[in-house]
Engineer: 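I'd like to ask you about the structure that follows.
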Protein chains: 2
Amino acid sequence: MSTMQEVANKAGVSKATVSRVLSGKGYVSKTTKDRVYKAIEDAGYRPNLLARNLATNKSQCIGLVVTNTLYNGNYFSELISQAAQKLEDHGRQLILVDGKHSAEEEQEAIQFLLDLQCDAVIIYPRFLTIDVMDDIIEQYKQPIMVVNRRLRKNQSQCICCDHKGASFNATKHLIEQGHRDIAFITGSLDSPTAIERLSGYKEALNQHHIEVQDKLIIKGKWTPASGAAAIESLLNNKVTFSAVLASNDDMAIGVIKKLTEVGIAIPTDVSIIGFDNIPTAPYLTPSLSSVKDPVSNMVSEVINRLISMLDGGYLSKNNLFTSELLVRDSVAYGPFWGK
Amino acid sequence: MSTMQEVANKAGVSKATVSRVLSGKGYVSKTTKDRVYKAIEDAGYRPNLLARNLATNKSQCIGLVVTNTLYNGNYFSELISQAAQKLEDHGRQLILVDGKHSAEEEQEAIQFLLDLQCDAVIIYPRFLTIDVMDDIIEQYKQPIMVVNRRLRKNQSQCICCDHKGASFNATKHLIEQGHRDIAFITGSLDSPTAIERLSGYKEALNQHHIEVQDKLIIKGKWTPASGAAAIESLLNNKVTFSAVLASNDDMAIGVIKKLTEVGIAIPTDVSIIGFDNIPTAPYLTPSLSSVKDPVSNMVSEVINRLISMLDGGYLSKNNLFTSELLVRDSVAYGPFWGK
DNA sequence: TTGTACGCGTTATCAT
DNA sequence: ATGATAACGCGTACAA
């Protein structure tokens with residue numbers, strides 16, 4: 001409301017002095033300091049951060065771009081709360097902006113944050129290609145980090161997860177349990193993550209000399225409804241399967257819902273594994289096994305690295321995080337893996 | 001990177017002309033316009049939003065403050081995605097900042113957004129008292145709207161929901177189903193919402209001349225774990241109950257988990273209702289009935305009203321939204337309400 | 001149609 | 001220890 005100049009007038013000093021008091025830099029006598037504090041109080045003065053950031057070329061803000069198509073999943077809250085917490089530890093503010101639902105809009109969101117002079121930007125891309133991101137990174141002076149994509153040129157600016165290996169291991173686990181007809185529900189195939197998970201599944205089958213059957217591979221769209229639809233199409237086509245690997249937990253939940261609806265006992269007849277497991281998942285899907293995606297670790301690492309670029313200090317070189325297969329003890333439905 | 005002045009030099013014109021080209025305001029000849037566009041392209045120019053906002057005293061940004069203790073619930077994603085979507089429709093950017101986990105920090109978050117000169121701020125408060133919020137609202141020139149709290153002084157700046165009435169109705173429904181011993185699990189009692197829901201429960205019992213039994217009222221903390229713990233203590237103390245009203249769905253999920261663990265058949269032996277139901281809930285808790293909290297409607301209304309204050313146009317006076325009891329058809333577990 | 005010059009609210013570099 | 005004053009990058013009356 002009131003400006004620094006007005007405070008200065010009230011206190012009978014100059015703008016410069018008020019600024020010194022506020023920043024704590026430079027000498028200023030005890031008495032005038034008190035006068036200034038009082039004037040600030042009286043005026044109800046608040047600094048205009050736009051002006052400050054413009055002058056200092058710093059903002060203490062770090063931007064995060066996420067597509068709103070992710071907002072509805074379990075994944076999102078984990079991502080956001082982790083990022084907010086971690087940045088809070090380093091005295092930074094997180095600014096989340098909506099990446100909306102296209103590559104263009106994701107790019108606009110990034111540029112908005114950069115134009116706002118955020119100190120750094122984190123991208124959790126969904127539609128943007130790595131080439132475009134590589135370009136953007138080189139175009140701007142602010143550090144930009146990409147989560148969950150393997151960049152081509154700026155490899156130190158990204159963190160990713162071995163989705164293929166994770167999927168391979170999950171499939172291998174099912175095979176070792178004796179399964180041969182394993183249905184696979186893909187994510188949206190315009191997503192690299194979905195592709196990697198599919199290829200891990202295929203590779204595991206190949207390595208165990210089990211034929212990859214096209215009819216066992218159904219396209220999903222990450223949502224519970226698409227998981228349910230996928231399993232329904234399998235049933236309608238009378239495809240035989242004894243296990244399901246769904247490309248994320250939401251779809252696995254849809255699968256469980258559909259199977260129970262038609263009277264198929266989950267643990268006895270079919271084994272199911274999902275992906276992306278987050279902390280609250282055990283409550284939502286008590287006996288669904290899942291491959292934990294290391295979001296938290298990745299976000300944490302990304303932020304550590306950004307802070308180190310801004311402040312100096314921390315350094316690490318871990319670019320690739322691994323997933324962990326969580327086989328849950330069954331609770332409500334009996335043992336999942338007991339054949 | 002490069003400034004408007006540099007673009008102007010490249011194009012052989014003045015800053016003002018570049019500015020005119022960018023804003024589309026004022027006359028500028030076709031030929032120079034083209035020269036300027038080319039210069040902008042060549043320079044890779046991007047406007048500095050800090051400077052622009054400082055000069056215009058507008059930002060096209062609307063801030064939202066939410067405690068990160070909410071980030072992990074289902075509620076949050078619904079809230080955020082709704083807000084982002086709605087603001088997108090009006091050409092505004094949503095900026096989410098972390099309200100962290102105390103009244104002071106919530107207040108700091110608000111002031112941060114205001115200091116950033118956001119055009120308006122939306123608060124979904126968790127710890128802040130209405131008195132403090134009333135003060136803040138009067139202190140700043142930017143419009144501030146509060147969701148889910150009934151302000152004392154600035155009643156037109158808030159939107160809320162009749163939690164008490166909703167809880168009353170849910171309880172009444174259980175009573176009409178023949179239940180007499182209805183356990184109630186509260187939310188964190190430092191939350192007004194939790195208090196209102198508790199009082200609705202009590203009032204419904206009173207109105208039906210059913211004694212309020214203290215041993216049936218257990219304190220929870222909104223989390224699934226606390227719901228499970230609550231039900232466990234009831235069982236340990238051999239308290240008789242035939243229905244459970246949990247103050248949110250997360251706790252209800254914990255209740256279901258615990259009951260199934262100890263071998264109590266949910267639908268046959270006990271009826272359960274939760275609160276806050278969000279769109280994806282049917283997949284998470286297929287047969288849990290729930291009282292739908294009208295978050296979407298409230299957020300939508302708040303944003304409509306803000307936009308109208310900023311742009312003019314829309315007007316509405318609906319300050320109080322009502323909840324709706326959703327009794328689900330059971331799917332996996334048999335009929336919930338069949339006694 | 002275009003250019004000049006000032007203001008936005010700070011910080012920071014000089015003198016004093 | 002304090003006060004002018006020049007940046008910061010942009011918008012905008014006003015003049016030309």
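Note on naming: letters A, B, ... go to the chains in the order of the sequence lines (proteins, then strands), and numbering restarts at 1 for each one.
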Engineer: Report yes if some heavy atom in the side chain of B/I40 is under 4.5 Å from a heavy atom in the side chain of B/L22; otherwise report no.
Structural biologist: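 They are in side-chain contact.
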
Engineer: Could you pick out which residue, B/A55 or B/R35, lies toward the 5' side of DNA chain C when each is mapped onto its nearest nucleotide?
Structural biologist: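 Mapping each residue to its closest nucleotide by heavy atoms, the 5'-most match is B/R35.
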
Engineer: How many whole angstroms separate atom CD of A/Q5 from atom P of D/dT5?
Structural biologist: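 From A/Q5 CD to D/dT5 P: 13 Å.
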
Engineer: Take B/V146 and B/Y124 through the side chain to side chain contact (heavy atoms under 4.5 Å, CB included) test and state the conclusion after the steps.
Structural biologist: CA-CA 6 Å; B/V146 176; B/Y124 192 96; over 6 Å; no

Engineer: Can you check the B/L54 CG to C/dG7 P distance for me, whole Å?
Structural biologist: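 Result: 14 Å.
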
Engineer: For residues A/R150 and A/I130, report the shortest heavy-atom separation together with the two atoms involved.
Structural biologist: O-CD1, 3.6 Å

Engineer: Does B/E106 reach the main-chain N or O of B/R126 with its side chain, forming a donor-acceptor pair under 3.5 Å?
Structural biologist: yes

Engineer: Do any of residues 6-20 of chain A sit with a heavy atom less than 4.0 Å from DNA chain C, and if so which?
Structural biologist: A/K15, A/A16, A/S19

Engineer: Identify, residue by residue, the members of residues 41-53 of chain A with a heavy atom below 4.0 Å from DNA chain C, and return them in order of residue number, or none.
Structural biologist: A/Y45, A/R46, A/P47, A/N48, A/A51, A/R52

Engineer: Of all the choices, D/dG11, C/dA12, D/dG9, which nucleotide is nearest to the side chain of B/T3 once you look at every atom?
Structural biologist: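 Selected nucleotide (nearest to the side chain): D/dG9.
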
Engineer: Is a side-chain N or O of A/S23 found less than 3.5 angstrom from the main chain of A/K25, in a donor-acceptor match?
Structural biologist: yes

Engineer: Send over the distance from A/L22 CG to C/dG9 P, rounded to a whole Å.
Structural biologist: 15 Å

Engineer: Nearest whole Å is fine: how far is C/dT10 C1' from A/K58 NZ?
Structural biologist: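 It is 14 Å, rounded to the nearest whole Å.
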
Engineer: May I have the distance from B/L116 (atom CG) to C/dT10 (atom P), rounded to whole angstrom?
Structural biologist: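 Going from B/L116 (CG) to C/dT10 (P), I get 13 Å.
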
Engineer: Mind running a 4.0 Å heavy-atom check of residues 25-34 of chain A against DNA chain C and sending the residues that fall below it, in number order?
Structural biologist: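 Going residue by residue through residues 25-34 of chain A, none turns out to have a heavy atom under 4.0 Å of DNA chain C.
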
Engineer: Would a distance-only check, ignoring hydrogens and angles, find a side-chain to backbone donor-acceptor pair under 3.5 Å from B/S19 to B/K15?
Structural biologist: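 Such a contact is absent between B/S19 side chain and B/K15 backbone.
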
Engineer: Tell me whether B/S308 contacts the main-chain N or O of B/R305 through its side chain, where contact means a donor paired with an acceptor under 3.5 Å.
Structural biologist: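 Indeed, once roles are kept as given, a pair shorter than 3.5 Å links the two residues.
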
Engineer: Would the distance check show the side chain of B/D119 and the main-chain N or O of B/K58 forming a donor-acceptor pair, the cut-off being under 3.5 Å?
Structural biologist: no

Engineer: Take atom CG of B/N57 and atom P of C/dC8, then tell me their distance rounded to the nearest Å.
Structural biologist: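 After rounding, the gap between these two atoms is 10 Å.
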
Engineer: Using whole Å, what does the distance between atom P of nucleotide D/dA7 and atom CE of A/M4 come to?
Structural biologist: 19 Å

Engineer: Between the main-chain N or O of A/D98 and the side-chain N or O of A/N68, is there a donor-acceptor pair closer than 3.5 Å?
Structural biologist: no

